[in-house]
There are 2 protein chains.
Amino acid sequence: MSEINKKLGRPRSVESHQSILQATLALLAEIGFDAMIIEAIAARAGVGKTTIYRRYVSKEELVADAIENMREEVVIPNTGNLWGDIDALVENAAQITLSPLGRQTVAMIISSASSNSQFAQIYWAKYLQPRRQAFAIVLERAKARNEIQPEIDPDLVFDMMSGVMLYTLIFPPTTDSWEVHVRRCLNLVLQSAAV
Amino acid sequence: MSEINKKLGRPRSVESHQSILQATLALLAEIGFDAMIIEAIAARAGVGKTTIYRRYVSKEELVADAIENMREEVVIPNTGNLWGDIDALVENAAQITLSPLGRQTVAMIISSASSNSQFAQIYWAKYLQPRRQAFAIVLERAKARNEIQPEIDPDLVFDMMSGVMLYTLIFPPTTDSWEVHVRRCLNLVLQSAAV
DNA sequence: AATTTACGAAACGGTATCGTATCGAAATAC
DNA sequence: GTATTTCGATACGATACCGTTTCGTAAATT
């Protein structure tokens, strides 16, 4: 069986493939989806254009694959109290959301949402779902410790806080630091049920 | 004095000017900032390219002017109770934020935020500030009626709810309708201080 | 060693768009 | 009636980028 899997001819280069994906994300962060051109991606990756066109039919397909391949391990913090856990989650979210890549990815998703929803779907599946689940676990633990009321809906809180962070991409808080602002929002959302 | 203001030669056409701005917004809504080309704007407006280039140096300048000229009167509702007022505000926000123009405007603002912040500034000044102020008035009235606690920060609530609505552009609520979702978020944010 | 497939630089035909120039006609002031 | 400025259709030179083709070289299998 393994003999059948052996391919005649020169094998595809894994290094080239990885370089292409990394170059794609780098340029997406720097100049955004529309401004990226295949030739620039190739140059950044140190490959030929034909090497890219052998793998992908279009820029859209390439970018979708690059996002899909973003490897981001979600660590579920367990500091023993709600705010310790949430601080860790927020810190992680800040590093990603507020980055140039995060910004341009979001812009791309919004702009293309009506014509091409795959970017939103991948972002949801690869980035948001795991964090949503981690967040829910943190809130369930907090409930068990009686730090918040049992009827708090973790998914709703997560979606609201995601919206809050998204908003700060465009309009950064003016009177507080980003961290203080996010904490005040969390307070407002969670304190409604605080014992 | 008025004689000095009289210009020799053919006056600029106000109709052409308005057509250009309207065509700009229409195409922005339909295809987004980057995909718009001057020739298409001219065709949609029914003017010549030279007519546009006489007024604007670049597409960016044109789009900034078009956004600046969006005339959107903010009506401050006064139904006598908090939820009546808020329903009216949310309804108005929905019509704008969830529109194709709203979506592409937001995408453009996010994508260009680091290189060209004028779009965000104009959006803030022309769209958000008036609504923020209207929202603050509505919440102050609610405080006077003892419908919410006095320490609620109207600006913080507004910013959070703006974030919530922005988020729904990418990830529409799945289990509830948009209106129900927004109401639940408002409940969470305001109910924390309900008497 | 022969064959097969991939790689990458370079060239290419084709299309798209920018921004300006031209020019006859129009709309004003004098 | 003359002068001035704008309008808009058209053309233009220039640049940008796409996606494919060519071809010598490399990396594998047979």
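Every chain is numbered from 1 and lettered A, B, ... according to where its sequence line falls, protein lines coming before strand lines.
With rounding to whole Å, A:Ile41 atom CD1 is found 13 Å from D:dC18 atom C1'. Atom P of nucleotide D:dA16 and atom CG of A:Asp34 are separated by 18 Å, given to the nearest angstrom. Rounded to whole Å, atom C1' of C:dA21 lies 11 Å from atom CZ of B:Arg54. Atom P of nucleotide C:dA9 and atom CD1 of A:Ile52 are separated by 11 Å, given to the nearest angstrom. Counting to the nearest Å, the C1' atom of C:dC7 and the NE2 atom of A:His17 are 15 Å from each other.
With sequence neighbours left out, the side chain to side chain donor-acceptor pair (under 3.5 Å) criterion links B:Ser162 to no other residue. Not counting sequence neighbours, the partners of B:Trp124 by the ring pair (Phe, Tyr, Trp, His ring centres under 6.0 Å) test are A:Phe171. Judged as a side chain to side chain contact (heavy atoms under 4.5 Å, CB included), and not counting sequence neighbours, the contacts of B:Ala113 are A:Arg103. Applying the salt bridge (Lys or Arg N to Asp or Glu O under 4.0 Å) rule to B:Glu91 yields no partners; only residues at least two apart in sequence or on another chain are considered. For B:Ser99, there are no side chain to side chain donor-acceptor pair (under 3.5 Å) partners, not counting sequence neighbours.
Pairs engaging residues 163-174 of chain B under the salt bridge (Lys or Arg N to Asp or Glu O under 4.0 Å) rule: none recorded [sequence neighbours left out]. Residue pairs satisfying the salt bridge (Lys or Arg N to Asp or Glu O under 4.0 Å) criterion with at least one member in residues 113-123 of chain B, sequence neighbours excluded, are absent. Among residue pairs with one or both ends in residues 143-165 of chain B, those qualifying as ring-ring contact (aromatic ring centres under 6.0 Å, His included) are B:Phe135-B:Phe158; sequence neighbours excluded.
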Distances for protein N or O near nucleotides 3-5 of chain D N or O, under 3.5 Å:
from: D:dT4; atom 1: O2; to: B:Gly9; atom 2: N; distance (Å): 3.4
from: D:dT5; atom 1: O2; to: B:Arg10; atom 2: N; distance (Å): 2.7

Could you pull out the protein-nucleic contacts involving nucleotides 13-18 of chain C (nitrogen or oxygen on both sides, under 3.5 Å)?
from: C:dC18; atom 1: OP1; to: B:Ile38; atom 2: N; distance (Å): 3.4
from: C:dC18; atom 1: OP2; to: B:Ile38; atom 2: N; distance (Å): 3.3

Do any side-chain atoms of residues 24-31 of chain A form donor-acceptor pairs under 3.5 angstrom with protein atoms, and if so which ones, sequence neighbours left out?
from: A:Thr24; atom 1: OG1; to: A:Ile20; atom 2: O; distance (Å): 2.7
from: A:Glu30; atom 1: OE1; to: A:Arg44; atom 2: NH2; distance (Å): 2.9
from: A:Glu30; atom 1: OE2; to: A:Arg44; atom 2: NH1; distance (Å): 3.0
from: A:Glu30; atom 1: OE2; to: A:Arg44; atom 2: NH2; distance (Å): 3.4

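Remark: nothing in residues 21-32 of chain B comes within less than 4.0 Å of DNA chain C through any heavy atom.
Taking CG of B:Leu89 as the start and CE of B:Met161 as the end, the distance is 11.0 Å to the nearest 0.5 Å.
Ionic pairing of B:Arg55 and B:Asp65 is not present here: no N-O contact between side-chain nitrogen and carboxylate oxygen is shorter than 4.0 angstrom.
In terms of phosphate contacts, A:Thr50 brings no side-chain nitrogen or oxygen within less than 4.0 Å of OP1 or OP2 of D:dT20. Checking the phosphate oxygens (OP1, OP2) of D:dC7, no side-chain nitrogen or oxygen of B:Ser13 falls inside 4.0 Å.
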